Amino acid sequence: MDPKALENEARSAIAGASTLSELDEARVRYLGRKSELKQALREVRDPETGRILNSLREELEEQVAVRRGELEREDLDRRLTEEVLDVTLPGQARPRGHLHLITQIRREVEDVFLGLGYSVVDGREVETTHYNFDGLNFPADHPARSPLQSVFLNGDVLLRTETSPSQIRVMEQQPPPIYMVSLGRVYRRDTPDATHTPVFHQVEGLAIDRGITMGDLKGTLLHMMRALFGEEREMRFRTHDFPFTEPSLEPDVSCFLCDGVGCHVCRFSGWIEIAGSGMVDPALFEFVGLDPEEWSGFAFGMGLERVAMLRHGLPALGMLWENDLRLLSQF
Amino acid sequence: MKVPVSWLREYVEVDATTAEIADRLAIATGEVERVSRRGVADVDGNLGLYRVGRVLEAGKHPNADRLQLCRVDVGEAEPRQIVCGAWNFGAGATVAVALPGAVLPDGRTLERAKLRGAVSDGMILSEKELTIGEDHTGILVLPEAWEPGTPLGDVLPLGDEVLEIEVTRNRPDCLSVYGIAREVAALFGGELRLMPGAEREPTGEETPAVVVEDFEGCPRYIGCLFRDVRVGPSPAWLKSRITAAGMRPISNVVDVTNYAMLALGNPLHAFDFDTLGGGRIVVRRARPGEEFTSLDGVLRKLDPADLVIADAERAIAFAGIMGGLDTEVADGTTSVLLEAANFEPGTILWSSERHSLRTEGSNRWEKGVDPYLAPHAARLATELLLELAGARWTGDTDVRGDLPERPVVSFRPERANRIVGVEIPEQEQKDALVALGYEVARGWEVTVPTWRARDTTREIDLVEEVARVHGLEKIPFTLPLRSAMDGRLSRDQRLRRLVEDSLVGAGFSEVYTLSLAGSDPHPGALRLPDPLTSEHAVLRTTLLEGLVRAARHNVNVGNEDVALFEVARVYLPSGDELPDERWHVGAVAAGGYARAKGALETLYGALRIEPRPERTSEQFLHPGKAARLEAGWVGELHPTLLEGSWGALELDLPTLFAQAREHVVYEDVISYPALRQDLAFVVDEEVLAGELVAAAREAVGRELHEARVFDVYRGDPIPAGKKSVALHVAFLSPERTLSDEDARVLRERIVTALAERFGAELRS
Ligand SMILES: [Zn+2]
């Protein structure tokens, strides 16, 4: 037997096998029990011949394995190309539900302030006039104290008219510095229409520390508005009057629809009125026993529904309470 | 407050344009809602097309009975022929004329036209067409002295810009043109003119009888008496200003009182003096059962808390709110008593709300008018009554209680800088305060002007004045220099988000329903004494009603696969002043019990709690498909509540969160393999699958790694009244590989326990 000739012949047979069965035939012929090579190996007497034949066998076995791999892959590819599918058909999804739009905005706001190192406070919804009005420096004849404007359970207890009473409770419970936001439902005796419901949601923010300035209020609100309405937003602050802040500032954010040029959303002013804010009135510090000479702070409040309506173009506030899945599932 | 700019500029000299004034006021004083242009537009020579004209001839139009054909001298070589529909003038009248090409205040462009065959080469104008007043019954007749051809704009206020300013509650001083002028002067460094109204002496010695019985409600009352008054229409300039400021001209006397109010902010009233019983004024509270008819013709039943102006016998006016019909100044009035008073805000607010009667007067009084303003308003009105109604001022009476002192406030400029966050030079701070009417004495003792005495009593109030005059836009955007941080959600807040997210993942959408319900199953639920509507009467103790309503709405509009949840508070009576507000989660979904139970399992799984439901019954649930858990319930809604098969649940979140396992310690379920087996037991129909699982757990202990029901079978060969429950169990030890023998022993424990407790037979 001429190993060299055998090798050449076997190599071309293996390489030439175009199917797995042809490859198997070649393997049996050249490496099977009855093959010339196996025959020779059984009869070998001298170590040198043995070494040569063994290395030939290993060489051919390797060749078969490589060729088998190639043919199997070809075979697989051939089968796969036959399994053509309409790739645009729907998949097997389990449909998710949707968080209510107000919850989504609520979380956005919470996350903005968590990022600024604020805590989130769950205030009470049923409050005493002590916390809802007296502690917030509402004068005795303020219209909000009237049962025509607010929802009372009795003379001293009402549904909170803003989220601010939680400020007083936190200031009573915790020494400054205080950095908190409080979000939730507030109540007004409003007849439902496009922009009013008797229940709506507010975010209230409070920062009390040494040396807090009006500039800090401006910067903090700018940070929030940019997070909610886009990095290009600008703000302006107008003087205003609230019982619980002095000075009081009403913040406007530049219109994100027209970029300040003027459109129906901003009533052609380029600015959108969106919140209330100011420096914590010293009367509030005195109410909770803090020294207004040592501490200063700012507070702000904003309606979440208003953010929803402005940012997402909702035509009416009441839609957020109808809970129609056709609306809910858009967000 | 509507402020005509020409009027404003009469009181303040300033270089700024109207737009600049509006911008600055918006930031520093009150929101400027709009700047509107009224009257004749000042564009492209439009004003030149408005002239004084004199009617040379006037006669009936040959082809139309209702029209006059006029020849009118408008200062040109030839008179113009103009057709006119009004008949309140004749030849010789001086009139206002618009020539062809003129753009009228309503936007139309006047054209040379043929009317019933006659050319009309212009238009003779009415007050209304010029927006000077409301009168459109005839054309505007001008004073004879005015020369034909005179530009109309030289003699009449043809057009003006009007600032519409939203004035906050604390600034009643800005409910006047002069008050706004004072702001403009301070903001632009302009020169504020003296208050209008010249000081003069009465020409008689009459002193009308004025008695103030209630100085608390009325700290001051000035009554000025006028004789020989000729009531008639006001001149065009006065009508024009009042109209521009949003009021309706009525007669010269009434218009003068309104003008003085708009100019200075102190509402006035004029009585026909001859109608006053006993010729006297008494300011007092109403008597029980007293009535009077107000100017609007409504009979008012008075409350003893209402402050009234009375004569010797009866109430004749709501103090500060509205006068009475009986004492109204009318065409024949010749003697007028002018009231320039001051009323206490609380009283006026209360009466105005109680009688649902809001007027220009009440709007100012209820916010607190400067008690020192009354004489100035009286002075201005007096000047105008003498000039415009030919009246004689024959005397007055000034009755006053204790008027408040001007507050003196200690101020520190450096304190202002610390609050504002910028360095404002001391001189600038002082100038700002002085321009607003404050007196700044040595050592920064600041005396507050009378018109700000209610609002400015503390140093912080002065800080606001300094900041707004300095310019809020000049304050930089900064963030607090923090000395503490606590940016974390609380455990409950985190877990609430987890609950919401789990249910969203399970296919439920979140709804928001009202906290106020029409009714509530809890007998002690808090009821509103005065509900908004019958649908908003009770503070709910359960979320179910709102969820069912939301589900029904979705079904009604045709939505499919409805699955809703809400995370919100309920309000449980606590016995204390305030209710126990507890967060609940509620859910409702099409698909019956299994859908709700599945959601419950997802929720409990997320919180790492093992649910342990027990059979229960609730009126609102299907009697056979209702389970109670420690935190609440899950079940299928009773079909009378909502048609179809609806699963629902409601859980008390604090209870649930108390059981939630947040801290997880690694348990070795990896080192050694689990041995898995399926066991089917035949049991009585009444036995609950959950009881079998619980008993198996108890029998094996911690080596029972997993046990769950995967099939329940009824029918051949299982006898009637029985069922086969198939359990999948997995045995696992963290210490060693369990042998088949171990597994056999453990399985035997289950079989024995279930046989003893439930008579369960293992199927082979
Ligand atoms: Zn816009």
Side-chain angles (χ1 to χ4, degrees), chain A residues 94-100 102-103 114-120 124-126 128 141 146-148 151-154 157 177 179 185 189 198-199 207 209-216 218-220 222 236-241 246-247 249 279 281-282 296 320-326 328-329, chain B residues 26-29 31 168-170 345-346 349 353 419-421 460-461 463-464 467-468 472-473 475-480 482-489 493 500 503-505 507-512 514-515 526 528-530 532 536 550 553-554 557 559 562-564 569 571 577-579 581:
Chain A
R94 172 131 177 59
R96 273 170 58 86
H98 298 264
L99 284 178
H100 194 278
I102 295 297
T103 298
L114 289 167
L116 287 174
Y118 286 53
S119 56
V120 178
R124 297 191 56 84
E125 288 178 26
V126 184
T128 59
D141 60 352
S146 157
L148 298 173
V151 184
F152 281 85
L153 281 160
N154 60 50
V157 178
Y179 291 89
R185 296 184 179 207
R189 190 176 273 277
V199 188
D209 209 332
R210 294 185 177 86
I212 296 272
T213 67
M214 290 169 80
D216 295 338
K218 288 181 69 173
T220 303
L222 182 66
R236 71 168 189 185
F237 290 77
R238 291 178 289 103
T239 189
H240 205 76
D241 176 42
E246 186 73 31
L249 300 177
M279 301 302 285
D281 194 293
S296 62
L320 289 166
W321 294 93
E322 273 173 9
N323 299 311
D324 191 324
L325 282 168
R326 290 172 299 182
L328 295 175
S329 58
Chain B
I27 300 289
T29 302
E31 189 180 358
T168 49
R169 241 178 83 79
N170 60 328
L349 177 65
E353 277 197 352
I419 297 282
V420 177
I460 193 72
D461 303 323
V463 172
E464 174 172 45
R468 68 189 186 88
L472 299 175
E473 69 286 352
I475 303 172
F477 292 88
T478 56
L479 286 175
R482 300 288 300 265
S483 63
M485 286 275 191
D486 183 27
R488 282 176 299 182
L489 290 175
Q493 288 162 350
E500 292 162 356
L503 287 170
V504 166
F508 285 68
S509 286
E510 188 187 18
V511 297
Y512 276 31
L514 297 180
S515 329
L526 298 171
L528 301 184
D530 179 21
L532 294 106
H536 310 94
H553 174 80
N554 277 288
V557 299
N559 293 331
V562 174
L564 310 173
R569 283 187 242 207
Y571 314 84
E577 185 177 35
L578 297 176
E581 295 181 11

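Just so it is clear, the structure is predicted and the values come from calculations on it, not from any experiment. So you know, we letter chains A, B, ... as the sequences are listed, proteins then strands, and number each from 1.
In this view, A:Val157 and A:Val126, A:Leu153, A:Asn154, B:Glu577, B:Leu578 satisfy the side chain to side chain contact (heavy atoms under 4.5 Å, CB included) rule, not counting sequence neighbours. Taking the side-chain hydrogen bond (donor to acceptor under 3.5 Å, both in side chains) definition, one finds that B:Ser515 meets it with A:Arg185, A:Tyr187, B:Tyr571, sequence neighbours left out.
Residue with the most contacts toward chain A among B:Leu349, B:Val463, B:Asp461: B:Asp461 (heavy-atom pairs, distance under 4.5 Å). Contact count versus chain A (heavy atoms, under 4.5 Å) is highest, among B:Thr29, B:Asp530, B:Val562, B:Leu503, for B:Asp530. The residue among B:Ala28, B:Gly346, B:Ala550 with the most heavy atom pairs within less than 4.5 Å of chain A is B:Ala28. Across A:Thr213, A:Asp216, A:Leu249, the residue that shares the most heavy-atom pairs under 4.5 angstrom with chain B is A:Asp216. Comparing B:Arg488, B:Arg468, B:Glu353, B:Arg169 by heavy-atom pairs within less than 4.5 Å of chain A, the highest count is held by B:Arg169. Per-residue counts of heavy-atom pairs under 4.5 Å with chain A were compared for B:Leu489, B:Leu472, B:Leu564; the largest is that of B:Leu472. Between chain A and the residues B:Leu526, B:Asn170, B:Leu528, the largest count of heavy-atom pairs under 4.5 Å involves B:Asn170. Ranked by heavy-atom pairs shorter than 4.5 Å toward chain B, the options A:Asp324, A:Val151, A:Thr128 are led by A:Asp324.
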Pair A:Val199-A:Trp321, side-chain contact (heavy atoms from CB on, under 4.5 Å): steps then yes or no:
CA-CA 10 Å; A:Val199 188; A:Trp321 294 93; 3.9 Å; yes

side-chain contact (heavy atoms from CB on, under 4.5 Å) between A:Thr220 and A:Tyr179, intermediate numbers included:
CA-CA 12 Å; A:Thr220 303; A:Tyr179 291 89; over 6 Å; no

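Heavy atoms of A:Arg94 lying under 4.5 Å from chain B belong exclusively to its side chain. Residue contact with chain B, scored on non-hydrogen atoms closer than 4.5 Å, involves the backbone of A:Leu320 exclusively. Looking at B:Asp486, the atoms closer than 4.5 Å to chain A (heavy atoms on both sides) sit in the backbone and in the side chain alike. For a residue to count as touching a neighbouring chain, one of its non-hydrogen atoms must lie under 4.5 Å from one of that chain's; by this rule B:Pro476 touches chain A with the backbone only. For A:Arg236, the part lying near chain B is the side chain, with the backbone staying farther off; criterion is any non-hydrogen pair under 4.5 Å.
The aromatic rings of A:His100 and B:Tyr512 lie parallel to each other, with less than 30° between the two planes, well short of the 60° mark.
Put simply, the side chain of B:Thr478 gets close to the backbone of A:Gly215: a donor and an acceptor are under 3.5 Å apart. For the pair A:Arg124 (side chain) and B:Pro579 (backbone), a donor-acceptor distance under 3.5 Å is present. Not a single donor-acceptor pair under 3.5 Å links the side chain of A:Arg326 to the backbone N or O of B:Asn559.
Taking CG of A:Leu325 as the start and CG of B:Asn554 as the end, the distance is 4.0 Å to the nearest 0.5 Å.
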